[in-house]
Number of protein chains: 2
Amino acid sequence: MNKKKVSLKDIAEKAQVSTALVSYVLNGKEKESRVGHEIAVKIKQIAKELNYQPNYLAKSLRSGKTQTIGLIIADISNPFFANIARIVEDEAKKNGYTVIIGSSDEKAEKSWDLITVFLNRQVDGFIIVSSENSEEQIEYLIEKNVAFVLLDRHFPDIPTHFVSLNSYKAAFDAGVHLIQSGYKNIGLIAYKSQLFHMQERIRGYRESLVENGISFHPAWLKEVGFDTIDEEIKVGIDEMLASAFPVDALIFATYRLAITGLKYINALGLKVPDDLAIVSFGQAEVFDLYYCPITYVLQPMEELGKTAVEILIHQLKEPHAEKRQILMEAQLMARDSSRPKAVIS
Amino acid sequence: MNKKKVSLKDIAEKAQVSTALVSYVLNGKEKESRVGHEIAVKIKQIAKELNYQPNYLAKSLRSGKTQTIGLIIADISNPFFANIARIVEDEAKKNGYTVIIGSSDEKAEKSWDLITVFLNRQVDGFIIVSSENSEEQIEYLIEKNVAFVLLDRHFPDIPTHFVSLNSYKAAFDAGVHLIQSGYKNIGLIAYKSQLFHMQERIRGYRESLVENGISFHPAWLKEVGFDTIDEEIKVGIDEMLASAFPVDALIFATYRLAITGLKYINALGLKVPDDLAIVSFGQAEVFDLYYCPITYVLQPMEELGKTAVEILIHQLKEPHAEKRQILMEAQLMARDSSRPKAVIS
DNA sequence: AATGTATGTTTAATCGATTAAACAAAAAAC
DNA sequence: GTTTTTTGTTTAATCGATTAAACATACATT
């Protein structure tokens, strides 16, 4: 990046005027600042000639605004978050913002790190997919008066803006759907996490059983650690199948759990849905291409992402507006993996 | 972001010294600048007390370095690029760089846009997955002396740093593999693009036929437009199957083509590999989970991404070092979708 | 005592833009 | 023909950090 960049000063010199005039003209303030018409034309022309591009660092330093949003997600290589990221990117761009993305790997520590780095880079605000135990980070942002919106997950005890899914309802619907399709022993594989959305998925699942007169068996619920899902899912599925009440249907609480679980189910040679029906959260091409298309919980990704950006940008304009807390509804997309159970006659 | 941020000046005032001293101390230059030991300790302590965080805008404006890399890819929601992005993000972070990602959707125009925006934001350099007809952008960057590396694709006629795949070899291997597995009528679905890597894939495919004494039939090669792949792939596959020499195996030149193609193949009720064998570029969980695991061309993603970052950072230190041009080899992962053809006896 | 050398610290310019305020000249008002 | 107003332009401070150069002292040397 050698060739001397063109600055306001260069234009000013060439036009024989002060930088102030150039700044006024190029910011469309000729009227308010009553710049002479001839000189304005001249300045514009020179700017074009030299292909002037303003230095946003300088602009930002002066204005205190960077027109940059920090997006913190769990992992950009996870299709769910990649999709969200794309939507956020596009929506932000439409509004003149640039997005910096960071992956936290569900680790509070990494997320802290990202917040610090992004703050040092003076992002105007954050869109955050929170990790477990990151409440203090949120409190910190609140205390420092930093604009942010929580996405996909939120902390019910902390008053913040957020956009997430009605996880309880979604899980409940998933359970009811399986029950109505004739499945009786329904398992759930979730993450071992105190995050609200995860707890809600578990609660929704259990409630769906209860409400339909099915008594829940502890062996049906497996909570696996983020970092050990490969092994734990195997053990979990083994135990579910070998339990006193072997499961005939399985709900996966996230995309990654589903992928990992399905691989193992394939390896076991189990047939979906005859041996095991499946419903999963998340969505991706895999679900379509699986030999038996997977029933999934359709999340309104586009709306989630767009709304998050919208709320954040609105917040940047009106810092003290009331907190917007949005729970969106998911839609169950019934496919072959949960088709009505074949009854043995 | 209200609460007044702590600046060097605040520390200076509290410590009753000039900002210069503070700057020296906090940058570990106490020795060179012979700052008094006591005062240094005091400054450090106050900085910690106030939780001082330097303003990178100011730093960058002064130094001309932002420690930021612009990453331009086709689409972050495509798993291939999302994976690359993650690797780049991690590697950059290790080196103290932050990454700004932009999706070009394979459009030269959008890519121009991103380059301009990122340059205005003073990124130190770029990692670019080029779109078709974006040569002038590359020339522009060269002319302006901007540091950059091309990733995954390159222009053979323009001398630049690049890291990409030996596409010719990979496609050739794919073809040979199918032939050796007993398939005779092998089709290729590629993008309609003059991009070198795509042309090389086509060339490699054709060469594999020629070298094995199979004469190529035009109906076997379908080049579909980026924006019309859904329809064109359907037509393409239909035509290949209905041609005078119906294909019994198909190579997909990218991940997205494969996904789209497989959906249609499923819809047609074709059995892989008995009705149609498959080999695909790209990689993703889908390939594992498909009822018949898909043979694919394994690209050394990790190395691609890391090397790109490494070359860029090295270039930032030594702008005039020789151009590094790296072609990495892919590895064919043979799976069931291309298992030896069952011979009709 | 006069001079030289360390040792500590401050001053002020700089990066590239923005913008309130000061200034100058021309036009309008009385 | 002054005074006032309008119009057009420049000056200079500012954002927050960095750093060469200037400036003070203290200490050492002869």
Side-chain angles (χ1 to χ4, degrees), chain A residues 1-43 46-47 50-68 119-124, chain B residues 1-43 46-47 50-68 119-124:
Chain A
M1 212 163 301
N2 272 358
K3 242 171 212 166
K4 67 281 165 193
K5 293 208 103 201
V6 182
S7 72
L8 266 198
K9 213 167 152 192
D10 298 324
I11 301 181
E13 270 164 21
K14 192 151 185 185
Q16 314 244 53
V17 296
S18 69
T19 60
L21 275 199
V22 180
S23 173
Y24 290 139
V25 170
L26 298 184
N27 287 297
K29 302 224 175 102
E30 339 177 6
K31 290 282 145 50
E32 304 96 292
S33 310
R34 1 169 248 267
V35 178
H37 182 253
E38 282 180 35
I39 210 77
V41 171
K42 186 173 174 191
I43 287 173
I46 294 181
L50 301 183
N51 184 29
Y52 169 70
Q53 301 289 144
N55 182 324
Y56 273 75
L57 287 182
K59 259 185 144 89
S60 299
L61 179 58
R62 183 75 222 274
S63 67
K65 306 260 155 273
T66 52
Q67 299 288 111
T68 302
L119 276 179
N120 289 353
R121 285 171 183 269
Q122 315 297 123
V123 294
D124 290 341
Chain B
M1 211 163 302
N2 272 359
K3 246 174 210 166
K4 66 283 165 191
K5 292 208 106 201
V6 182
S7 72
L8 265 198
K9 212 167 153 192
D10 299 324
I11 301 182
E13 271 164 21
K14 193 151 185 187
Q16 314 244 55
V17 295
S18 68
T19 60
L21 276 198
V22 181
S23 172
Y24 290 139
V25 171
L26 298 184
N27 286 296
K29 303 222 174 102
E30 341 176 4
K31 291 281 145 52
E32 304 97 291
S33 310
R34 3 166 246 264
V35 178
H37 182 251
E38 282 180 34
I39 210 77
V41 171
K42 185 173 174 190
I43 287 173
I46 295 181
L50 300 183
N51 185 28
Y52 169 71
Q53 301 288 146
N55 182 324
Y56 273 76
L57 286 182
K59 259 185 145 89
S60 299
L61 180 58
R62 184 74 222 278
S63 67
K65 307 259 154 274
T66 52
Q67 298 289 110
T68 302
L119 276 179
N120 289 353
R121 286 170 183 269
Q122 315 297 123
V123 295
D124 290 341

Whole-Å distance, A:Gln53 CD to C:dG16 P, equals 15 Å
Does a distance-only test, which skips hydrogens and angles, find a donor-acceptor pair under 3.5 Å between the side chain of B:Tyr24 and the base of D:dA20?
yes
Find the distance A:Lys59:NZ to C:dA17:C1' and express it as a whole number of Å.
8 Å
If you define the side chain from C-beta out and look only at heavy atoms, does anything of A:Leu50 sit under 4.5 Å from A:Ile11?
yes
Closest listed nucleotide, where the reference is the side chain of A:Leu21 and the choices are D:dG16, D:dT10, C:dT11
D:dT10
Taking for A:Thr19 and for A:His37 the nucleotide of DNA chain D with the nearest heavy atom, the one nearer the 5' end belongs to A:His37
Validation: residues 29-43 of chain A side-chain donor-acceptor distances under 3.5 Å, sequence neighbours left out:
from    : atom 1 : to      : atom 2 : distance (Å)
A:Glu30 : OE2    : A:Lys44 : NZ     : 2.7
A:Ser33 : OG     : A:Lys29 : O      : 3.2

Would you mind reporting whether A:Asn55 and A:Ser7 have side-chain heavy atoms less than 4.5 Å apart?
no
What pairs of residues pass the salt bridge (charged side-chain N to carboxylate O under 4.0 Å, His left out) test when at least one of them lies in residues 12-28 of chain A, not counting sequence neighbours?
A:Lys14-A:Glu49
Check the distance between D:dC15's C1' and A:Tyr56's OH and give it to me in whole angstrom.
17 Å
Residues passing the side chain to side chain donor-acceptor pair (under 3.5 Å) test with B:Thr68, sequence neighbours excluded, are A:Arg121
Can you name the atoms? Protein N/O to nucleotides 5-7 of chain C N/O, anything below 3.5 Å, with the distance.
none

When the distance from NZ of B:Lys9 to P of D:dG16 is rounded to whole Å, what number comes out?
8 Å
Partners of B:Ser18 by side chain to side chain contact (heavy atoms under 4.5 Å, CB included), sequence neighbours excluded?
B:Ala20, B:Leu21
What is the nucleic acid contact for A:Val17, judged by heavy atoms within less than 4.0 Å: base, sugar-phosphate only, or nothing?
sugar-phosphate
Starting at atom CG of B:Asp124, determine the distance to atom P of C:dC15, rounded to an integer number of angstrom.
18 Å
Counting the atoms with a prime plus P, OP1 and OP2 as sugar-phosphate, which does B:Ser63 contact under 4.0 Å by heavy atoms, base, sugar-phosphate, or nothing?
nothing
May I ask you to evaluate whether A:Tyr52 reaches the phosphate of C:dG16, defined as a side-chain N or O under 4.0 Å from OP1 or OP2?
no
Between A:Asn55 (CG) and C:dT14 (C1'), how many Å, whole number?
13 Å
Sugar-phosphate, base or nothing in reach of B:Ile39, heavy atoms under 4.0 Å
sugar-phosphate
Holding to side chain to side chain donor-acceptor pair (under 3.5 Å), I want the full list of residues that pass it with A:Ser60, two or more places apart in sequence or in another chain.
none
OP1 or OP2 of C:dG16 sitting under 4.0 Å from any side-chain N/O of A:Lys5?
no
Base, sugar-phosphate, or nothing for B:Ser33, non-hydrogen atoms under 4.0 angstrom?
base
Specify the separation, in whole Å, of atom CG of B:Asp10 and atom C1' of D:dA17.
13 Å
Give the rounded distance in Å between these two atoms: CG of B:Leu8 and C1' of C:dT11.
16 Å
Under 4.0 Å, counting only non-hydrogen atoms across every strand here, what does A:Ser7 touch: a base, just sugar-phosphate, or nothing?
sugar-phosphate
Closest to the A:Leu61 side chain: D:dG16, C:dT11, C:dA17?
D:dG16
Might you work through the side chain to side chain contact (heavy atoms under 4.5 Å, CB included) test for B:Tyr52 and B:Ile46, ending with a clear yes or no?
CA-CA 8 Å; B:Tyr52 169 71; B:Ile46 295 181; over 6 Å; no
